[in-house]
A.B. asks: 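Let me give you the structure first, and then I'll get to my questions.
Each chain gets a letter, A, B and so on, in the order its sequence line appears, and its residues count up from 1.
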Number of protein chains: 2
Amino acid sequence: MAGRVTIAQVAEEAGVSAMTVSNVISGKPGASDETRRRVLEVAAKLGYRPNQAARNLKTGRSGLVGLIALDLTNQYGLEILRGVADELAGAEQELLVNASYHDAGREKDRIEFLAGGLVDGLLLIAPVLEDETIELLRRRKLPCVVIDPRRLDVPLPRITVDNYHGMRQGTQHLIDLGHTRIAYLRGGEDLESTSIRFRGFQDAMRLAGLEVAEELVATCDFTYASGFRTAGRLISEHRPTALVAGADLLALGAIDAARSCGLTVPNDFSFVGFDDLPQAAQSFPGLTTVRQPLHDMGQKAALALLSLIEGQKLLMEHMELGTELIIRNSTAAPPA
Amino acid sequence: MAGRVTIAQVAEEAGVSAMTVSNVISGKPGASDETRRRVLEVAAKLGYRPNQAARNLKTGRSGLVGLIALDLTNQYGLEILRGVADELAGAEQELLVNASYHDAGREKDRIEFLAGGLVDGLLLIAPVLEDETIELLRRRKLPCVVIDPRRLDVPLPRITVDNYHGMRQGTQHLIDLGHTRIAYLRGGEDLESTSIRFRGFQDAMRLAGLEVAEELVATCDFTYASGFRTAGRLISEHRPTALVAGADLLALGAIDAARSCGLTVPNDFSFVGFDDLPQAAQSFPGLTTVRQPLHDMGQKAALALLSLIEGQKLLMEHMELGTELIIRNSTAAPPA
DNA sequence: CTGTTAGCGCGTTCAG
DNA sequence: CTGAACGCGCTAACAG
């Protein structure tokens with residue numbers, strides 16, 4: 001119940017038809033400059049604001065894009081979200097953010113709800129995407145782009161990063177510094193990217209003629225606490241000189257674990273993360289990490305979704321973005 | 001163009017009128033159990049989903065609540081956001097999140113846009129709120145609740161925390177531990193809460209018979225980097241034994257600054273923050289801090305907004321929530 | 001360049 | 001308890 005003034009009132013006051021007002025307001029052609037000026041003037045005077053609901057009903061569009069993130073507080077998703085928001089700011093679409101809280105049921109619920117007509121398109125960040133949910137999306141014909149899917153083969157337009165080469169490069173950096181006993185912290189096992197990153201690590205090691213000691217590899221959740229605990233065990237029991245983590249949060253937890261063991265970073269121990277979250281730069285020492293272009297992923301995903309919404313065909317169903325090694329101060333040569 | 005099926009089709013298939021279908025779907029009385037059952041069955045079979053746009057047009061509601069945060073990546077706002085989201089999950093309202101990026105112009109733009117009919121109500125986190133914007137909100141009669149306003153006297157329903165006693169308690173904790181040379185890091189000067197917190201610090205000091213040395217007080221932005229820089233100077237030039245920060249982010253930066261000066265925390269130096277962001281617990285050592293009930297603030301704000309949307313009068317225009325000192329491991333007695 | 005006609009899909013009168 | 005008609009405010013299509 002925001003704008004009481006209707007298009008009809010403006011039309012009457014300006015002495016034109018409602019159609020003309022509509023055209024002027026939406027910036028369509030087909031209205032002389034003089035008419036346009038008068039309509040705009042009257043609209044301003046009356047304080048006319050188009051009624052979104054009526055417009056939506058007529059056009060069959062809501063002007064809303066849905067985004068389903070895992071969790072509203074993880075920086076990984078939020079960096080992507082920022083990219084999305086930046087891209088959408090140009091288009092006339094607002095962003096409706098939802099979280100699945102890592103729960104497949106809730107994810108399906110939210111998708112079903114949003115796909116029920118609330119949004120014009122959907123962006124999914126690292127979703128579980130059960131087959132049934134995919135089927136739902138296809139049946140509804142809802143434009144949808146997946147960012148960083150858990151399984152690479154989801155039959156939907158998707159954006160991923162080059163996890164393999166990123167991790168290989170990060171590992172190589174430690175090898176180049178002279179490390180040989182390098183530990184590895186795997187992220188969540190339900191993501192295909194976890195295996196791919198690990199393969200990058202393994203290959204880098206193998207190609208350097210180094211052994212991947214089984215006791216130096218451990219798996220944890222994507223949390224600081226999990227990284228702290230798991231790395232603490234790894235470090236105190238097996239004494240590697242460096243550690244590569246499948247995510248920045250894990251690396252940050254691992255660094256604090258090393259500290260709590262009395263080690264100093266990077267003199268006694270080196271760490272490499274993966275993601276380049278804001279925290280990676282805002283920590284002491286700065287974290288050397290493999291950068292995922294999160295903001296860019298968000299932008300590209302939003303752009304692709306917008307063209308899907310406009311009814312255009314996508315140039316590619318799958319887009320893979322590159323990674324980049326960011327060297328900060330958490331890595332150095334191993335102690336002598 | 002999500003659900004093709006209309007209420008009319010369901011009505012025909014079920015052999016009743018549209019009216020009845022509408023009543024059944026919206027859970028209104030006035031339909032026999034038998035009819036209700038059949039309608040529901042047919043609706044499910046046909047895959048009927050009510051068209052939001054049509055419903056909105058008719059009811060004059062959008063089912064959307066707008067939230068304007070400062071920045072999509074700061075944890076402070078996100079904790080509040082989580083509270084809001086949790087409360088809204090129960091009501092049938094979706095959340096439309098926007099950011100002002102600390103820009104008054106953009107803030108006004110966004111408010112004006114959302115208030116243009118897109119949302120049923122608005123939640124504002126620490127907004128600038130120029131007079132003109134407040135005027136706009138009043139004119140449009142848009143339900144609105146402000147969380148943590150920059151000026152305490154905004155003429156809108158608002159939720160704040162007890163900054164004064166919180167900070168007094170945090171400071172007292174250091175005094176009790178035996179600290180006397182305590183530095184203070186002020187947050188952004190455009191917030192009234194910055195002065196209030198400082199007054200809490202001053203009073204705690206004064207009441208303990210301690211001097212607030214001018215050179216031990218400095219002002220910075222609400223960022224880690226600013227805390228790092230400013231505290232670094234304070235610590236190296238004036239050698240206090242403890243520091244109180246007007247925000248956790250500042251304290252976290254300050255701790256790293258101390259570390260980069262070769263000090264260990266808390267043995268050489270103690271730190272107290274304010275906020276209790278997730279990072280405060282997820283750092284090493286854990287940060288002793290004054291907890292703001294951010295999640296609760298979000299919930300309470302959402303609840304108040306919902307009742308405003310329902311057209312009910314608010315019990316109180318201003319609600320102030322308490323704070324709580326959370327003692328972790330960043331504080332200890334001063335070095336001997 | 002402008003006006004007319006006809007709904008979009010729903011909820012809300014009223015009668016029955 | 002149910003049905004028929006109307007209209008919310010806007011815009012697509014066409015006519016003028």
Side-chain angles (χ1 to χ4, degrees), chain A residues 1-43 46-64 92 115-120 140 310-311, chain B residues 1-40 42-43 46-64 92 116-120 140:
Chain A
M1 214 56 16
R4 292 262 39 156
V5 201
T6 77
I7 209 169
Q9 294 172 44
V10 177
E12 189 181 358
E13 181 83 14
V16 296
S17 81
M19 193 62 244
T20 302
V21 177
S22 172
N23 283 332
V24 170
I25 298 290
S26 341
K28 295 249 178 66
S32 68
D33 284 356
E34 167 55 16
T35 307
R36 183 177 303 278
R37 200 193 50 68
R38 198 168 67 256
V39 168
L40 254 20
E41 190 184 0
V42 172
L46 263 41
Y48 169 72
R49 320 228 79 224
N51 178 320
Q52 271 295 338
R55 186 176 271 179
N56 295 346
L57 176 56
K58 188 65 191 170
T59 61
R61 287 253 200 112
S62 68
L64 259 32
E92 303 208 327
L118 234 200
V119 300
D120 298 334
R140 293 261 172 77
E310 299 305 330
Chain B
M1 215 60 8
R4 295 263 38 161
V5 205
T6 78
I7 208 169
Q9 294 171 42
V10 178
E12 189 182 357
E13 182 83 13
V16 298
S17 80
M19 172 76 247
T20 305
V21 178
S22 171
N23 281 336
V24 171
I25 298 291
S26 344
K28 296 245 179 69
S32 68
D33 283 356
E34 166 54 15
T35 308
R36 184 178 302 278
R37 198 194 51 71
R38 199 169 64 256
V39 168
L40 254 20
V42 172
L46 262 40
Y48 169 71
R49 320 227 80 223
N51 178 319
Q52 271 297 338
R55 182 175 274 177
N56 295 346
L57 177 57
K58 195 65 199 167
T59 61
R61 287 251 201 114
S62 68
L64 259 30
E92 302 208 329
L118 235 198
V119 300
D120 297 335
R140 293 260 173 78

A.B. asks: Answer yes or no: are there more than 12 heavy-atom neighbours, outside E92(B) itself, under 6.0 Å from its atom CD?
C.D. replies: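 Count not over threshold, so no.
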A.B. asks: So which nucleotide from dG9(C), dG11(C), dT13(C) ends up closest to the side chain of L57(A)?
C.D. replies: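 Nucleotide nearest to L57(A)'s side chain: dG9(C).
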A.B. asks: Of the options dT2(D), dG7(D), dC10(D), whose atoms approach the side-chain atoms of N51(A) most closely?
C.D. replies: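 Of dT2(D), dG7(D), dC10(D), dC10(D) is nearest to the side chain of N51(A).
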A.B. asks: Counting just side-chain N and O atoms, does T6(B) come under 4.0 Å of either OP1 or OP2 of dG9(C)?
C.D. replies: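 No, no such contact exists.
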A.B. asks: For the side chain of S32(A), counting heavy atoms from C-beta on, which of dC1(C), dG3(D), dA12(D) is nearest?
C.D. replies: dC1(C)
A.B. asks: Would you say that more than 12 heavy atoms from the other residues, nucleotides or ligands in this model lie under 6.0 Å from the CD of E310(A), or not?
C.D. replies: yes
A.B. asks: For DNA chain D, whose closest nucleotide is more 5', that of A54(A) or that of S17(B)?
C.D. replies: S17(B)
A.B. asks: Whole Å only: how far is the CD1 atom of I7(B) from the P atom of dA4(D)?
C.D. replies: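 Distance check: I7(B) CD1 to dA4(D) P gives 14 Å.
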A.B. asks: Could I get the full list of side chain to side chain contact (heavy atoms under 4.5 Å, CB included) partners for T35(A), not counting sequence neighbours?
C.D. replies: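 In terms of side chain to side chain contact (heavy atoms under 4.5 Å, CB included), with neighbours along the sequence ignored, T35(A) is linked to V16(A), T20(A), S32(A), V39(A).
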A.B. asks: To the nearest angstrom, how far is Q52(A) atom CD from dC8(D) atom P?
C.D. replies: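 That distance rounds to 19 Å.
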A.B. asks: Between R55(B) and dG9(C), does any side-chain N or O lie under 4.0 Å from OP1 or OP2?
C.D. replies: no
A.B. asks: If the cut-off is 4.0 Å, is T20(A) near the phosphate of dC1(C), judged by side-chain N/O to OP1 or OP2?
C.D. replies: no
A.B. asks: Given atom CG of N23(B) and atom C1' of dG11(C), what is their separation to the nearest angstrom?
C.D. replies: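 Going from N23(B) (CG) to dG11(C) (C1'), I get 9 Å.
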A.B. asks: Test L40(B) against every option in V10(B), V24(B), V21(B) by the side chain to side chain contact (heavy atoms under 4.5 Å, CB included) rule and name the one that passes.
C.D. replies: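 Among V10(B), V24(B), V21(B), the one meeting side chain to side chain contact (heavy atoms under 4.5 Å, CB included) with L40(B) is V24(B).
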A.B. asks: Between P on dC10(D) and NZ on K58(A), what's the gap in Å once rounded to a whole number?
C.D. replies: 13 Å
A.B. asks: Just the rounded figure in Å: distance from P of dT2(C) to CZ of R37(A).
C.D. replies: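 Distance check: R37(A) CZ to dT2(C) P gives 13 Å.
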A.B. asks: Can you tell which of dC10(D), dT12(C), dG3(C) lies closest to the side chain of V16(A)?
C.D. replies: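 Comparing dC10(D), dT12(C), dG3(C) against the side chain of V16(A), the answer is dG3(C).
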A.B. asks: Any non-hydrogen side-chain atom of E13(B) less than 4.5 Å from a side-chain atom of V5(B)?
C.D. replies: no
A.B. asks: Rounded to the Å, how far apart are M19(B) CE and dG3(D) P?
C.D. replies: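 For the pair M19(B) CE and dG3(D) P, the rounded distance is 11 Å.
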A.B. asks: Below 4.0 angstrom from OP1 or OP2 of dC8(D), is there any side-chain N or O of T59(B)?
C.D. replies: no
A.B. asks: Whole angstrom is fine here: how far is it from CG in N56(B) over to C1' in dG11(C)?
C.D. replies: 12 Å
A.B. asks: Nearest whole angstrom, please: distance from the P of dC10(C) to the CZ of R61(B).
C.D. replies: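 So the two atoms are 19 Å apart, to the nearest Å.
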